[in-house]
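Note sheet for the following structure.
As the structure is a computational prediction, the values presented were derived from the model and not from experiment. Each chain gets a letter, A, B and so on, in the order its sequence line appears, and its residues count up from 1.
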Amino acid sequence: MTATTHDHSDHSHEAHHQKGFVERWLMSTNHKDIGTLYITMAVIGACVGGVLSIIMRQQLMYPHNNIITSGAAWNAIITAHGLIMIFWFVMPALIGGFGNWFVPMMIGAPDMAFPRLNNMSFWFLAAGFVFVMIGLLLGNGAGAGWTLYPPLDNAQYSPGMATDFSLFSLHLAGISSLLGAINFIATILNMRAPGMTMHKMPLFCWAILVTAFLLLLAIPVLAGAITMLIMDRNFGTSFFEPSGGGDPVLFQHLFWFFGHPEVYIMILPAFGIISHVVSTFSRKPIFGYLGMAYAMVVIGFVGFIVWAHHMFVSAISTDSKVYFEVATLVIAVPTGIKIFSWIATMWGGSIEFKTPMLWAIGFIFLFVIGGATGVVLANAGLDQELHNDYFLIAHFHYVLSMGAAFAVFAGFYYWIGKMTGHPYPEFWGKVHFWTFFIGVNLTFFPMHFLGLAGMPRRYPDYADAFAGWNYVSSIGSIISGVSTLVFFYVLYAVFTSKESLADNYWGEGATTLEWAVPSPAPHHTFEDVPVIR
Amino acid sequence: MSSPAHSATDQIKGTVPHPYHLVNPSILPLCGGVAAMTTFAGIIVAAHLHSFVLLGIGLLFVVSTMFVWWRDVVSEARTPGLHKVITQVGLRYGMALFITSEVMFFVSFFWNYFNYFFFPEKMGTAFAPVWPPQGVTTIDPFAIPLFNTMVLLLSGTTITWAHHSLLEGDNKNTVRGLAVTVMLGLMFLCGQAWEYTHSPFPFYHGGIFASSFFIATGFHGVHVIVGTVFLTVCLFRAMKGQFTPQRHFGFEAAAWYWHFVDVVWLFLFVCIYFLGRSAIVAG
Ligand code: HEM
Ligand SMILES: [Cu+2]
């Protein structure tokens with residue numbers, strides 16, 4: 001079949017839809033089904049990580065509270081919360097989930113480059129989740145924090161198998177991400193539809209491309225670092241053991257060489273989603289498309305040379321501090337390009353406040369707050385004071401549980417109709433947004449004050465002076481928890497809905513290729529690939 | 001240039017049949033995940049409970065999954081019409097990206113080494129700030145290490161010999177070149193095994209020099225094993241006449257990998273064996 005006009009009625013492969021459960025979900029080689037598996041993983045991760053966070057906030061609601069009586073249990077909970085939210089919620093939702101679903105569709109490809117590898121990425125992640133849960137529950141649990149610093153997790157202070165399970169869970173999640181990254185890069189570089197040049201490619205694909213490169217280059221360094229940790233713990237080496245001449249600060253360098261790119265791994269796909277949503281609901285093409293694309297490339301590049309801003313109190317020389325401070329501040333420039341371009345896109349547009357747009361505007365608003373506190377923390381002198389206190393916690397929750405998580409929800413409301421063929425209930429979507437918005441702001445804004453007043457992070461108790469704002473924060477976390485129940489109602493309503501949706505249910509503003517195919521999209525989207533003008 | 005202002009369907013001017021290889025559902029990815037999980041759990045159990053059963057099962061599972069997986073890939077590649085040109089290009093991207101990630105894996109071990117090589121004071125005040133640390137006798141770089149360097153460099157030429165023969169359709173010399181390369185790989189491994197068993201410093205509780213040395217050279221050794229297996233597979237495939245001058249990506253991937261392993265070794269030789277040698281070296 002050669003150049004006919006695009007007609008999708010004959011594309012749905014009936015055979016695909018008749019697969020049994022095992023074949024469809026345990027043996028999948030389809031990017032949409034694998035994407036769905038990832039999203040399921042993300043929902044599970046968010047629930048477990050979320051429950052852990054509510055437990056923590058319950059403990060911190062009043063000073064000298066007795067909900068968690070053992071320090072080791074507390075440490076295990078904070079560690080698992082951090083690891084799970086990053087590796088089993090944000091990453092699988094944004095990269096494995098939406099990336100898998102929509103990158104092939106947006107570039108006009110029928111699937112990913114390596115479908116079996118794609119599926120194995122998912123199973124490695126699932127295996128990692130089993131390990132991180134063992135790390136939480138076995139014995140005293142793994143309690144070194146998500147940053148895993150030695151000596152906290154060496155054989156002396158964290159004996160027992162739990163910490164090894166947590167370290168290996170990162171190996172599993174890391175291999176998963178690495179294989180996924182290879183797959184995304186090969187797909188994007190090699191499988192774009194005829195006529196889809198790099199400079200016509202949707203921004204979400206650009207975002208995933210840059211993210212994949214960050215994963216490709218950062219994950220192996222983390223793998224090396226945790227390999228050395230595991231060896232120190234179990235096989236008598238002394239990489240980070242001063243008694244044998246080892247250097248614990250080296251671990252921090254290796255960890256943050258991965259860790260800072262990792263924060264961009266979580267936020268770049270979010271940037272991509274926000275660009276699509278803002279453009280769709282302003283009914284305007286994104287302002288400064290090329291600038292937006294290359295700003296992400298620059299962020300990705302600079303993201304590799306700022307890592308030691310996490311180590312301002314870790315015995316690095318003054319010269320290094322100056323360098324890392326200035327380099328970090330430079331990132332604000334491409335980030336500013338993104339923010340201002342979103343605003344310019346909305347400017348003069350005919351804006352429609354549908355639920356996805358609310359999440360996107362919420363994202364922009366709150367991400368700017370998180371970015372501003374980041375600029376504060378980037379000052380080495382100030383950071384001496386603020387490091388590892390609640391100001392830092394506020395910073396990274398504004399960029400993560402309000403930045404990245406808001407983008408997850410923006411993407412969910414934007415695309416769920418394309419994925420299922422059913423609309424979400426607009427009213428409940430908005431209820432979800434507003435309750436969540438109030439909940440998280442109430443939770444995290446007071447943490448700025450607590451941090452400035454000197455409350456340190458990672459303790460299950462605090463001085464009486466901090467009681468007021470901690471109480472407010474805990475109330476906020478309950479509101480966010482209730483809000484998540486609203487989200488589950490939305491999910492239920494979508495899957496029980498009898499209504500079906502048109503190809504492009506957002507209308508004029510939605511211009512990328514996924515809106516040219518039916519809702520739900522056919523199994524391989526394009527049995528014949530589109531030729532782009 | 002901005003993203004298209006017209007509607008989603010307007011930008012499509014027609015369609016063409018897709019040229020890609022969409023694979024059938026497969027249980028192997030799930031096997032791979034379970035195999036990796038078993039192996040890692042096996043390592044933990046071996047370290048803490050001194051039982052190697054789980055580790056053995058895991059490794060067996062990993063190896064058999066890989067075997068069946070690549071057998072499938074090879075047979076798909078040999079089925080006419082499945083791997084069109086664009087799929088072959090995709091495989092090249094895949095291999096090149098994989099090797100890039102491997103380079104970064106070694107970066108972490110070199111970073112560790114250079115941390116002490118350039119800043120020996122980072123070993124802490126209990127140690128004199130010199131590298132290699134005082135009291136460490138290192139391996140003579142001009143004994144086995146130099147020999148192994150020569151072996152690997154030679155193997156780089158023999159793989160090229162095989163490659164050129166392949167391009168000229170001379171299968172006999174392709175097989176010869178591959179066989180010699182595999183033998184050189186094994187020779188290297190024997191040399192390293194001898195070196196490890198006669199090392200002047202112990203691995204266990206051997207301090208930071210031994211740790212840095214063994215992790216970098218050890219992971220390199222693992223990569224030599226993998227590369228040798230990869231080349232052996234190619235050797236058997238060449239003996240069956242499965243490569244043609246036009247299509248032999250399996251061979252090329254093995255050759256790329258082998259050159260990568262070779263280059264890592266040169267860095268190890270210069271930075272660790274040669275520049276990191278002590279005033280008096282051991283045999
Ligand atoms: C303008 C951009 C940003 C700047 C200047 C910045 C700066 C910083 C600095 C200096 C720290 C270290 C503070 C300390 O440890 O005392 C930090 C911590 C952190 N940042 Fe950012 N940041 C920015 C954006 C982001 C983004 C986009 C994310 C994630 C999506 C993020 C996530 C984090 C996390 C998770 C930590 C805490 C790590 C830990 O110690 O556990 N940051 N940031
Ligand atoms: Cu950072």
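- Atoms CD1 and CD1, on A:I230 and B:I44 in that order, are 7.0 Å from each other to the nearest 0.5 Å.
- The 12-atom threshold is exceeded at CZ of B:F114, counting heavy atoms of other residues, nucleotides or ligands nearer than 6.0 Å.
- Expressed to the nearest 0.5 Å, how far OG1 of B:T39 lies from NE2 of A:H171 amounts to 12.5 Å.
- Most heavy-atom pairs under 4.5 Å with chain B: of the set A:P110, A:A109, A:P115, A:A293, this distinction falls to A:P110.
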Run the side chain to side chain contact (heavy atoms under 4.5 Å, CB included) test on B:L97 and A:L216 for me, step by step, so that the C-alpha distance in whole Å, both residues' side-chain angles and the decisive distance to 0.1 Å come before the verdict. CA-CA 8 Å; B:L97 292 166; A:L216 185 79; 3.7 Å; yes

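- Residues of residues 47-64 of chain B having a heavy atom under 4.5 Å from any heavy atom of chain A, listed by number: B:A47, B:H48, B:L49.
- Of the residues considered (B:P19, B:A210, B:A36), B:A36 shows the highest number of contacts with chain A, using heavy-atom pairs under 4.5 Å.
- When all heavy atoms of A:R116 and B:D72 are compared, the closest pair comes out as NH1-CB, 4.4 Å.
- When all heavy atoms of A:A516 and B:T9 are compared, the pair lying nearest together is CB-CG2, 3.8 Å.
- When all heavy atoms of A:F526 and B:H18 are compared, the closest pair comes out as O-CD2, 4.3 Å.
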Side chain to side chain contact (heavy atoms under 4.5 Å, CB included) between B:N112 and A:M228, worked out: CA-CA 10 Å; B:N112 166 71; A:M228 291 185 240; 4.1 Å; yes

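- Only the side chain of B:F127 comes within contact range of chain A, with heavy atoms under 4.5 Å apart.
- Proximity to chain B is absent for every atom of A:L125, based on heavy atoms less than 4.5 angstrom apart.
- Using a 4.5 Å cut-off between heavy atoms, A:M231 touches chain B through its side chain atoms alone.
- Contact check for B:F98 versus A:L178: no side-chain heavy atoms found under the 4.5 Å cut-off.
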Assess whether side chain to side chain contact (heavy atoms under 4.5 Å, CB included) is satisfied between B:F109 and A:V221, documenting all intermediate values. CA-CA 9 Å; B:F109 302 128; A:V221 176; over 6 Å; no

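- Looking at A:V130, only its side chain comes within 4.5 Å of chain B, counting heavy atoms on both sides.
- Residues B:L30 and A:N119 form no side-chain contact, since every pair of their non-hydrogen atoms from C-beta on lies 4.5 Å or further apart.
- Counting heavy atoms from C-beta outward, A:H524 and B:L22 have side chains that approach closer than 4.5 Å.
- Smallest separation of non-hydrogen atoms from B:P25 and A:T29: N-OG1, 3.6 Å.
- Contact check for A:D111 versus B:V23: no side-chain heavy atoms found under the 4.5 Å cut-off.
- Looking at A:F239, the atoms closer than 4.5 Å to chain B (heavy atoms on both sides) sit in the backbone and in the side chain alike.
- Of the possible polar contacts, one joining the A:R533 side chain to the B:D10 backbone as a donor-acceptor pair under 3.5 Å is found.
- Shown here for A:D247 and B:K122, the closest heavy-atom pair between the two residues is OD2-CD, 3.4 Å.
- Note that CG of A:L179 is 8.5 Å distant from OG of B:S101, once rounded to the nearest 0.5 Å.
- Heavy-atom pairs under 4.5 Å with chain B peak, among A:N234, A:L117, A:T237, A:L250, at A:L250.
- For the pair B:F219/A:T227, a side-chain contact is recorded, criterion being any heavy-atom separation below 4.5 Å from C-beta on.
- Shortest non-hydrogen contact noted between A:M120 and B:G32 is SD-CA, 3.9 Å.
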Going through the distances and angles, do A:F124 and B:M37 end up as a side chain to side chain contact (heavy atoms under 4.5 Å, CB included)? CA-CA 8 Å; A:F124 268 68; B:M37 189 167 129; over 6 Å; no

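- Residue contact with chain A, scored on non-hydrogen atoms closer than 4.5 Å, is absent for B:F209.
- B:E102 places no side-chain N or O within 3.5 Å of a backbone atom of A:P220 that could act as its donor or acceptor partner.
- Between A:F258 and B:M104 there is no side-chain heavy-atom pair separated by less than 4.5 Å.
- Of all the listed residues (A:F213, A:W515, A:F235), the one sharing the greatest number of non-hydrogen pairs under 4.5 Å with chain B is A:F235.
- Of the listed residues B:G33, B:G124, B:G207, B:S26, the one with more heavy-atom pairs under 4.5 angstrom with chain A than any other is B:S26.
- Contact count against chain A (heavy-atom pairs under 4.5 Å) is highest for B:W69 among B:W69, B:Y204, B:F214.
- The aromatic rings of A:H253 and B:W111 are tilted relative to each other, their planes meeting at an angle between 30° and 60°.
- Of the listed residues (A:A113, A:S121, A:G246, A:A186), the greatest number of heavy-atom pairs within a distance under 4.5 Å of chain B belongs to A:G246.
- In this structure, chain B has a heavy atom under 4.5 Å from the side chain of A:F114, while its backbone stays farther away.
- Ranked by heavy-atom pairs under 4.5 Å with chain A, the first of B:V103, B:I43, B:T100, B:T87 is B:I43.
- Counting heavy atoms from C-beta on, the side chains of B:V16 and A:P194 come closer than 4.5 Å.
- Residues of residues 160-169 of chain A lying under 4.5 angstrom from chain B, judged on non-hydrogen atoms, are A:G160, A:M161, A:D164, A:F165, A:F168 by number.
- Note: A:W123 leads A:F122, A:W123, A:F287 in heavy-atom pairs under 4.5 Å with chain B.
- For chain A, the option among B:I215, B:V34, B:V107 with the highest count of heavy-atom pairs below 4.5 Å is B:I215.
- Taken to the nearest 0.5 Å, the CZ atom of B:F40 stands 8.0 Å off from the CZ atom of A:F131.
- Residue B:A41 touches chain A through both its backbone and its side chain, counting heavy-atom pairs closer than 4.5 Å.
- Checking side-chain atoms of B:Y93 against main-chain N and O of A:I185 turns up no donor-acceptor pair under 3.5 Å.
- For A:N190 (side chain) and B:I86 (main-chain N/O), a donor-acceptor pair under 3.5 Å exists by modelled atom type.
- Remark: A:Y505 OH is packed, more than 12 non-hydrogen atoms of other residues, nucleotides or ligands lying under 6.0 Å away.
- Of the possible donor and acceptor atoms, one in the side chain of B:S211 sits under 3.5 Å from a partner among the backbone N and O of A:S238.
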